[in-house]
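First the structure, in the form of structure tokens, and then the observations on it.
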Number of protein chains: 2
Amino acid sequence: MVDTTTDAPPLGHEVLAAVLQVRAGSLQVLLWERAMEPHAHRWSLPGGRLRLDEDVEHSIRRQLKEKVDVRQLAHVEQLAVFSAPNRVPGPRLVASAFLGLVPSDNDPELPSDTRWHPVDDLPLTAFDHEAIVLRARNRLRAKLSYTNIGFALAPPRFTVSALRELYSAALGYRVSATNLQRVLSRRGLLEPTGDTTRPGRAGGRPAALFRFTEPSMQVTDPFAVFRPPAAKPS
Amino acid sequence: MVDTTTDAPPLGHEVLAAVLQVRAGSLQVLLWERAMEPHAHRWSLPGGRLRLDEDVEHSIRRQLKEKVDVRQLAHVEQLAVFSAPNRVPGPRLVASAFLGLVPSDNDPELPSDTRWHPVDDLPLTAFDHEAIVLRARNRLRAKLSYTNIGFALAPPRFTVSALRELYSAALGYRVSATNLQRVLSRRGLLEPTGDTTRPGRAGGRPAALFRFTEPSMQVTDPFAVFRPPAAKPS
DNA sequence: GCAAAAGTGTTACGGTTACACCCATGG
DNA sequence: CCATGGGTGTAACCGTAACACTTTTGC
């Protein structure tokens, strides 16, 4: 009850991130191939040890610098703690897992051991990293519905059909461009830039370019079933 | 990139829980008063050090045993990691924070330094514990809308108006008993037991007793704006 | 019979889906 | 002028909110 503690047990803390991006029409995650044991040749999430002078958010951003230019990370958020005593061989290591998102117009230079993999077709992964990837995917899918998190998958300017491709890839099913535009516009998340694209060789009406109005994540649809009573006018 | 780590830094890990219960018409949280420095006489969340042989979920349940009979904890879930380097004085300590829920018909024996406090009228709290309590409250409020988490606030059997009191206290605004019953029933979360209560001295129709159909938390309203296309009936 | 409390019926409303239709461009 | 891709209008649908009304009890 009182925190009279003995000396700290030999317990380490690592931070790991499932960095997701829509590439080639599918949602992909950044993994690196382990060269050494344990779990040599398995694919692993980027991350590393928490330092003494940083919090976990700072730590994961620092460690991701080695893989992805941090400016390309449009969004980072905590997922959960993974703490099974035997989750990694050797000394006890607790992991704080994160979701990271990279807009689709970025194609960062990667170290040679690092590659993007579709989240629905993962290679053999190390430790509990597959569970973390799935958690990240599910979190992203849920938040696409009730937040403006699409901004973190999309380029600064985009057509509605391009945005539709991004949402479809991330959600795993076909989304209607018509309704996507309407829902996001009504909520005030999307605004036209005024510019348009050139049609391709096949012709067609030039598409208007849109942008997200907010540059950071916001909950836009509180989805409360039991809402607070409406403020009465007059 | 490769996890060639030096020896583990002196970093501790604690688990903390905001245990919530609706008491006397308000949402309250279990806190204990610190006897010693640091932050003597401030109020603190229950919890303690993570042991080497347990994961964080196991740890928080173990530590809560000293405050609340574990059988009375109807629901426990992770909230987030709190890891600011200076969040507590002295050696570095990272905290895994949890939400715990106790049904309103339980009134556990408490140690003498421990007491329930309304979450909207907290005493002076220790460290970053107030932020954790607020996070727990917000999580509960959100989940009341799209999950069956009400089961963890309610007794095994209850009247709709009793349930209304619980939801109102937890959400912080008046909920309509009429619609509460309808929404939960339509979703199949609530079922009548067949029994009724006796009316009070003032008379009135005897209330039917209901129960939740599921004993564990389930997401019942996926609140997806961009829903998967409906399966067409033949 | 009257007041009190519980529960049901009904309508209104807001938001999303589905789909037909109109618009703009290249060949 | 036709094919192609982009965008809008409109109606149906679904679920919740609001509120009147009925039911069942004690006094």
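Within every chain, numbering begins at 1; the chains are lettered A, B, ... in the order of the sequence lines, protein sequences first and strands thereafter.
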A side-chain contact here means heavy atoms from C-beta on lying under 4.5 Å apart; do A:Val19 and A:Lys67 qualify?
no
B:Leu163 CG to C:dA6 P, straight-line distance once rounded to whole Å
13 Å
Could you tell me the separation between the CG atom of A:Asp195 and the C1' atom of D:dG6, rounded to a whole number of Å?
16 Å
Can you sort out the partners of B:Ala169 under side chain to side chain contact (heavy atoms under 4.5 Å, CB included), two or more places apart, ordered by chain and number?
B:Val22
In whole Å, what is the span from the CG atom of A:Leu184 to the C1' atom of D:dG7?
15 Å
Nucleotides 11-14 of chain D: which of its N/O atoms have a protein N/O under 3.5 Å away?
none

Please list, pair by pair, any protein nitrogen or oxygen found under 3.5 Å from a nitrogen or oxygen in nucleotides 25-27 of chain C.
residue: C:dT25; atom: O2; partner: A:Gly204; partner atom: N; Å: 2.9
residue: C:dG26; atom: O3'; partner: A:Arg201; partner atom: O; Å: 3.2
residue: C:dG27; atom: OP1; partner: A:Arg201; partner atom: O; Å: 3.4

Spacing between A:Leu180 atom CG and D:dG5 atom P, to the nearest angstrom
19 Å
Within the 4.0 Å heavy-atom criterion, would you say B:Ala177 contacts the bases, only the backbone, or no part of the nucleic acid?
nothing
Does B:Ala136 have any side chain to side chain contact (heavy atoms under 4.5 Å, CB included) partners at least two apart in sequence or in another chain, and if so, which?
B:Ala18, B:Leu20, B:Leu79, B:Leu99
Assess whether side chain to side chain contact (heavy atoms under 4.5 Å, CB included) is satisfied between A:Trp43 and A:Leu122, documenting all intermediate values.
CA-CA 9 Å; A:Trp43 292 84; A:Leu122 291 177; over 6 Å; no
Is the shortest heavy-atom distance from the side chain of A:Ser168 to the side chain of A:Leu180 under 4.5 Å?
no
B:Gln181 side-chain N/O to C:dA6 phosphate OP1/OP2 under 4.0 Å:
no
Please examine the side chains of B:Asn148 and B:Met217, heavy atoms only from C-beta on, and report whether any two atoms are closer than 4.5 Å.
yes
Between D:dA17 and B:Ser176, is there an OP1 or OP2 to side-chain N/O distance shorter than 4.0 Å?
no
Which part of the nucleic acid, if any, lies within reach of A:Arg164 when heavy atoms closer than 4.0 Å are counted: base, sugar-phosphate only, or nothing?
nothing
Report, as a single string ordered 5' to 3', how protein heavy atoms within less than 4.0 Å touch nucleotides 9-14 of chain C: B base, S sugar-phosphate only, - not at all.
BB----
Using whole Å, report how far CZ of A:Arg174 lies from C1' of C:dT17.
17 Å
Residues which pass side chain to side chain contact (heavy atoms under 4.5 Å, CB included) with B:Ser26, listed by chain and number, not counting sequence neighbours
B:Gln28, B:Pro118
Whole angstrom is fine here: how far is it from CG in B:Leu209 over to C1' in C:dA5?
14 Å
Determine, stepwise, if the pair A:Asp55 / B:Arg87 fulfils salt bridge (Lys or Arg N to Asp or Glu O under 4.0 Å).
CA-CA 10 Å; A:Asp55 65 24; B:Arg87 58 173 292 276; over 6 Å; no
Please report, rounded to the nearest Å, how far the P atom of D:dG6 is from the CZ atom of A:Phe158.
14 Å
Any chance you could lay out the side chain to side chain contact (heavy atoms under 4.5 Å, CB included) test for A:Leu163 and A:Phe212, step after step, and finish with the verdict?
CA-CA 11 Å; A:Leu163 191 64; A:Phe212 278 95; 4.0 Å; yes
A side-chain contact here means heavy atoms from C-beta on lying under 4.5 Å apart; do B:Arg137 and B:Val133 qualify?
no
For the residue pair B:Glu54 / B:Ser59, report whether a side-chain donor-acceptor contact shorter than 3.5 Å exists.
yes
